[in-house]
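One-based numbering along the sequence shown. Computed from a prediction, not measured in an experiment: that's the story for all the values here.
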Amino acid sequence: MYDVKADIDKNRIYITIGRLEDEAEMQSLAQAASTECRKLKKEFTCITDLRKYEIQDDMFEDYVKQAQEAMIRAGMSKVVRVRRETGLLGHFQFDNVSMDVGYHAENVTTMEEAEKILDEKAE
């Protein structure tokens with residue numbers, strides 16, 4: 001389960017990831033992220049909601065890397081990840097890949113915190 005949408009007014013992409021069923025869904029998610037970010041202007045921001053994400057096998061990291069690289073090429077400037085307060089720490093899987101790609105995302109536990117951080121950056 002995932003959802004990817006671009007908010008043109010905020011110049012922000014929202015990516016929500018839950019339990020992914022198979023490699024085809026992983027590919028679809030990576031493609032959707034790449035497609036949606038092209039709707040935005042350079043210096044766009046990103047909120048990745050991982051509160052329902054479940055850790056995937058290592059193969060998934062290749063798709064995460066592809067999506068992250070495509071978003072950087074498209075002009076992504078800052079990322080905030082919304083993670084669970086407790087429990088599985090799936091955001092570490094994203095953190096590891098993003099370090100390889102060359103950026104760091106801030107981790108918070110609510111959408112409100114994420115919006116506030118990125119809205120302050122836009123001012």
Side-chain angles (χ1 to χ4, degrees):
M1 186 267 346
Y2 71 89
D3 183 48
V4 180
K5 60 185 169 213
D7 183 326
I8 295 167
D9 293 332
K10 285 190 170 189
N11 201 36
R12 184 169 298 154
I13 189 168
Y14 292 86
I15 303 172
T16 302
I17 307 174
R19 175 155 176 53
L20 300 172
E21 296 300 321
D22 54 25
E23 187 174 3
E25 192 172 22
M26 293 175 195
Q27 281 181 309
S28 179
L29 166 59
Q31 182 60 48
S34 179
T35 299
E36 284 295 296
C37 71
R38 284 188 237 129
K39 297 177 182 177
L40 302 169
K41 294 178 285 194
K42 297 277 185 205
E43 298 296 310
F44 69 90
T45 58
C46 175
I47 293 179
T48 306
D49 184 351
L50 299 173
R51 290 175 292 179
K52 295 183 180 174
Y53 176 70
E54 294 181 20
I55 295 174
Q56 305 290 313
D57 64 33
D58 291 344
M59 169 185 57
F60 180 64
E61 291 180 11
D62 292 334
Y63 295 105
V64 171
K65 185 174 184 179
Q66 288 173 21
Q68 289 176 347
E69 289 173 337
M71 292 167 59
I72 288 170
R73 283 191 305 273
M76 181 177 68
S77 65
K78 186 162 175 80
V79 180
V80 177
R81 292 194 186 104
V82 182
R83 61 173 178 81
R84 295 178 190 181
E85 277 192 55
T86 59
L88 292 174
L89 300 175
H91 65 281
F92 285 130
Q93 197 168 26
F94 284 78
D95 290 343
N96 290 337
V97 174
S98 63
M99 282 190 268
D100 288 345
V101 174
Y103 75 90
H104 171 73
E106 192 163 341
N107 288 295
V108 298
T109 57
T110 68
M111 287 297 286
E112 292 78 18
E113 288 175 283
E115 292 281 357
K116 182 178 179 189
I117 289 167
L118 296 179
D119 289 347
E120 286 173 356
K121 179 207 174 280
E123 292 175 354

Open item on the list: One pair to check against side chain to side chain contact (heavy atoms under 4.5 Å, CB included): Lys10 and Asp119. What are the steps and the verdict?
Closed with: CA-CA 8 Å; Lys10 285 190 170 189; Asp119 289 347; 4.1 Å; yes

Open item on the list: Between Arg73 and Glu69, is there a side-chain heavy-atom distance shorter than 4.5 Å?
Closed with: yes

- [ ] Test side chain to side chain contact (heavy atoms under 4.5 Å, CB included) on Ile15 and Leu29 and set out the steps.
- [x] CA-CA 9 Å; Ile15 303 172; Leu29 166 59; 4.1 Å; yes

TODO: Look at the side chain of Thr109 and the backbone N and O of Arg83, then say whether any donor-acceptor pair between them is shorter than 3.5 Å.
DONE: no

Open item on the list: Holding to side-chain hydrogen bond (donor to acceptor under 3.5 Å, both in side chains), I want the full list of residues that pass it with Gln27, two or more places apart in sequence or in another chain.
Closed with: none

Task: Asp7 versus Tyr14, closest heavy-atom pair with distance - done: CB-CE1, 3.8 Å

Task: Glu43 side chain vs Gly75 backbone, donor-acceptor pair below 3.5 Å - done: no

- [ ] For residues Val82 and Ala114, report the shortest heavy-atom separation together with the two atoms involved.
- [x] CG2-CB, 3.7 Å

Task: Residue pair Lys78 / Ile117, side-chain heavy-atom distance below 4.5 Å - done: yes

Open item on the list: For Asp3, give me all partners under salt bridge (charged side-chain N to carboxylate O under 4.0 Å, His left out), at least two apart in sequence or on another chain.
Closed with: Lys5

Open item on the list: Under the criterion side chain to side chain donor-acceptor pair (under 3.5 Å), I'd like the reasoning laid out for Tyr63 against Glu25: C-alpha separation, chi angles, the key distance, then a yes or no.
Closed with: CA-CA 10 Å; Tyr63 295 105; Glu25 192 172 22; over 6 Å; no

TODO: Using salt bridge (charged side-chain N to carboxylate O under 4.0 Å, His left out) as the criterion, list what pairs up with Glu36, not counting sequence neighbours.
DONE: Lys39

TODO: Kindly indicate whether the side chain of Met71, heavy atoms from C-beta on, has any atom under 4.5 Å from the side chain of Cys46.
DONE: yes

TODO: Calculate, to the nearest 0.5 Å, the distance between atoms CD1 and SG belonging to Ile72 and Cys37 respectively.
DONE: 10.5 Å

Task: Stepwise side chain to side chain donor-acceptor pair (under 3.5 Å) test for Thr45 and Arg12 - done: CA-CA 5 Å; Thr45 58; Arg12 184 169 298 154; 2.8 Å; yes

Task: Nearest-0.5 Å distance, OH of residue Tyr53 to CG of residue Leu20 - done: 7.0 Å

TODO: Locate the shortest heavy-atom distance separating Lys41 from Asn11; write the atom from each residue and the value.
DONE: N-OD1, 2.8 Å

- [ ] List the atom of Ser34, the atom of Ala70, and the distance in Å for their closest heavy-atom pair.
- [x] OG-CB, 3.7 Å

Task: Gap separating the CG atom of Asp49 from the CD1 atom of Ile17, nearest 0.5 angstrom - done: 9.0 Å

